[in-house]
Amino acid sequence: MARSRALLDLSTRLMNVCLAALCRGGSLDRAEAVLVDAIRLGLPPDVVTYNTLLAAHCRAAGLDAGLAVVHRMREAGVSPDAVTYNSLIAGAARRGLTMCALDLFDEMLRSGVAPDSWSYNALMHCLFRSGHPEDAYRVFADMVEKGVAPSATTYNTMLDGLFRAGHATNAYRMFRYLQRVGLPIGIVTYNTMINGLCRSGKVGYARMVLKELGRTEHAPNAITYTTIMKCCFRYARFDQGLETFLSLLEGGYISDAFPYTTVISALVKKGRMQEANAYCELMIQSGSTLDNACYNTLIHLRCQEGKLDDAFELLKIMEEGGLESDEYTFSILVNGLCKMGQIKAAEKQIWSMEMMGMESNVVAYNCLIDALCKSHEVDAAIKVLHSMKLKDDFTYTSLVHGLCKVGRYHMASKFLRICLREGNNVLASAKRAVISGLRSAGFKNDLRKVRSALYMARLLRS
DNA sequence: GTAGGGTTAG
């Protein structure tokens with residue numbers, strides 16, 4: 001009896017290994033079929049079986065698919081454990097469903113399943129990414145208080161979160177602290193640091209950390225180089241960025257679409273469409289799964305080439321492939337339509353976006369405002385601006401420039417002051433346009449008000 | 001199961 005029990009356990013373990021391999025390879029259907037066969041043969045699935053399937057479903061189809069697996073496991077008399085909840089929380093985090101993640105964590109506590117460091121990590125990650133650093137810090141404190149030891153992932157998540165919250169200096173200090181006390185530092189830590197330092201404008205520090213990485217036993221990977229590439233493009237080191245890409249390509253180190261999308265969009269921005277097209281071909285041929293970012297990059301290229309029909313054809317292919325257009329897709333299309341002078345169509349695109357219940361898309365609106373200003377329809381642009389829930393530096397820069405171009409300096413100065421009062425800013429060229437316009441028109445009072453508003457804004461920022 | 005990619009102003 002004991003012997004057959006042990007044999008059954010072994011078989012379940014083998015089945016789990018098999019399921020995990022199928023899930024990893026993306027053959028979810030075959031994994032499900034294996035489970036059906038196993039049950040028919042009298043082989044009982046355990047919590048690991050269901051957790052494996054759950055993680056795969058969650059990743060492929062989202063949180064609801066994961067919850068459906070929980071339902072199935074309960075029906076089979078298997079109780080969810082910490083890994084089950086961790087996968088669900090991670091699934092919620094991936095799709096930015098912060099409230100769901102918090103609810104799942106609560107449910108975990110209520111059902112008496114003790115959270116481990118993974119649970120806390122996933123929750124912290126989710127809170128940082130959704131812009132709630134204070135809550136993330138609280139989760140960390142809670143974790144320490146409960147006696148759950150922070151792992152390497154916890155520290156990496158914290159470093160990334162500090163950068164995202166705008167605390168680059170604190171992140172840097174924490175990194176040095178981890179090194180000093182001998183806490184685990186690996187390639188993920190280095191990549192997080194290099195990316196965070198680059199994005200917060202501390203390129204010198206980024207270079208220093210990169211050099212340090214070269215002296216460790218940790219090998220830089222494709223993620224390290226993609227980060228460096230992006231940093232080069234950002235700081236006008238185009239050739240160096242392209243070289244980085246080429247060395248990745250020639251070395252055969254590219255295993256997904258990330259480096260392609262990075263280099264293609266940089267090329268499109270430079271107007272080097274032939275090379276962009278060549279790398280699109282390579283990306284498609286490479287056999288990497290094309291996700292939203294890839295399609296958006298391809299659509300953007302077509303739009304910038306003025307091939308709107310091709311762009312919409314790509315959109316159709318993307319949607320038929322089961323991908324949903326997102327905020328990037330819409331901004332890219334609205335921008336493309338605007339640049340081709342099809343402002344009415346762009347407005348319609350924004351309408352359909354609103355109908356779909358998409359979050360207010362600042363970028364798409366900004367493109368429309370810019371296009372209206374460029375065709376001297378500033379009053380229409382102002383009307384659009386008033387309908388926007390969220391405005392940013394781009395919104396006001398376009399409008400202020402547009403108003404100056406048609407000589408409406410009083411109105412331009414009014415919007416410049418509103419903008420500064422809201423804590424936004426405009427490009428220096430827009431400020432100069434307002435000031436020189438007011439001066440030439442002799443609007444002394446407006447000039448005084450704008451100067452004082454600019455001075456106040458500078459004080460508040462420093 | 002923590003790190004990298006995609007959109008807008010001059």
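Proteins come first, then strands; the chains are lettered A, B, ... in the order of their sequence lines, and each starts at number 1.
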Is it the case that the base of [N] and the side chain of [X] share a donor-acceptor contact (distance under 3.5 Å, atom types as modelled)?
| X | N | answer |
| --- | --- | --- |
| A:Thr157 | B:dT2 | no |
| A:Asp291 | B:dG5 | yes |
| A:Asp256 | B:dG4 | yes |
| A:Thr397 | B:dA9 | yes |

Take A:Phe163 and A:Phe128 through the side-chain contact (heavy atoms from CB on, under 4.5 Å) test and state the conclusion after the steps.
CA-CA 10 Å; A:Phe163 278 118; A:Phe128 274 129; over 6 Å; no
A:Phe330 ring center near A:Tyr365 ring center (under 6.0 Å):
no
Below 6.0 angstrom between ring centroids: does that apply to A:Tyr177 and A:Tyr172?
no
Rounded to whole Å, please give me the gap between [atom1] in [X] and [atom2] in [N].
| X | N | atom1 | atom2 | value |
| --- | --- | --- | --- | --- |
| A:Trp118 | B:dG1 | CH2 | P | 7 Å |
| A:Leu385 | B:dA9 | CG | C1' | 13 Å |
| A:Asp116 | B:dT2 | CG | C1' | 14 Å |
| A:Asn366 | B:dG10 | CG | C1' | 14 Å |
| A:Asn191 | B:dG5 | CG | P | 11 Å |
| A:Asn156 | B:dG4 | CG | P | 11 Å |
| A:Arg164 | B:dA3 | CZ | C1' | 9 Å |
| A:Lys230 | B:dA3 | NZ | P | 16 Å |

Students often get this wrong, so: under 4.0 angstrom with heavy atoms, is [X] touching a base, only sugar-phosphate, or nothing?
| X | value |
| --- | --- |
| A:Ser429 | sugar-phosphate |
| A:Arg302 | nothing |
| A:Asn121 | nothing |
| A:Thr224 | nothing |
| A:Asn86 | sugar-phosphate |

Do you know which of A:Leu249, A:Thr226, A:Thr244, A:Ile223 makes side chain to side chain contact (heavy atoms under 4.5 Å, CB included) with A:Pro259?
A:Thr226
Is [Y] paired with [X] through a side-chain N to carboxylate O contact shorter than 4.0 Å?
| X | Y | result |
| --- | --- | --- |
| A:Arg176 | A:Glu212 | yes |
| A:Arg138 | A:Asp142 | no |
| A:Asp160 | A:Arg129 | yes |

With a 4.5 Å limit on heavy-atom distance, are the side chains of A:Leu390 and A:Thr395 in contact?
no
4.5 Å side-chain heavy-atom contact, A:Asn51 and A:Met73:
yes
Only pairs at least two apart or in different chains count here, so list each salt bridge (Lys or Arg N to Asp or Glu O under 4.0 Å) that has a residue in residues 364-388 of chain A.
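Every pair satisfying salt bridge (Lys or Arg N to Asp or Glu O under 4.0 Å) with a residue in residues 364-388 of chain A: A:Asp370-A:Lys374, A:Asp379-A:Arg408.
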Can you tell me which nucleotide in [options] comes closest to the side chain of [X]?
| X | options | result |
| --- | --- | --- |
| A:Ala222 | B:dG4, B:dA9, B:dT7 | B:dG4 |
| A:Lys269 | B:dA3, B:dT8, B:dG5 | B:dT8 |
| A:Pro259 | B:dG4, B:dG10, B:dT2 | B:dG4 |

Parallel, tilted or perpendicular for A:Phe233 and A:Phe238, by the 30°/60° rule?
tilted
Take the angle between the ring planes of A:Phe415 and A:Tyr396 and call it parallel below 30°, perpendicular above 60°, tilted in between.
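Rings of A:Phe415 and A:Tyr396: tilted, as their planes differ by 30° to 60°.
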Helical stems, DNA chain B - three or more consecutive Watson-Crick or G-U wobble pairs below 3.5 Å
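Correct response: none, since no qualifying run exists.
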So which of A:Asn86, A:Asp116, A:Thr157, A:Thr154 actually passes side-chain hydrogen bond (donor to acceptor under 3.5 Å, both in side chains) with A:Asn121?
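Per the side-chain hydrogen bond (donor to acceptor under 3.5 Å, both in side chains) rule, the option paired with A:Asn121 is A:Thr154, out of A:Asn86, A:Asp116, A:Thr157, A:Thr154.
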Within [range], residues whose heavy atoms come under 4.0 Å of DNA chain B:
| range | result |
| --- | --- |
| residues 48-55 of chain A | none |
| residues 332-350 of chain A | A:Ile332, A:Asn335, A:Lys339 |
| residues 123-135 of chain A | A:His125, A:Arg129 |

Not counting sequence neighbours, which residues clear side chain to side chain donor-acceptor pair (under 3.5 Å) with A:Asp393? List them please.
none
Give a yes/no answer on whether the side chain of A:Lys374 brings an N or O atom under 4.0 Å of OP1 or OP2 in B:dT8.
no
So A:Asn425 and A:Lys431, side chain to side chain donor-acceptor pair (under 3.5 Å) or not? Walk me through it.
CA-CA 9 Å; A:Asn425 204 350; A:Lys431 293 176 195 165; 3.2 Å; yes
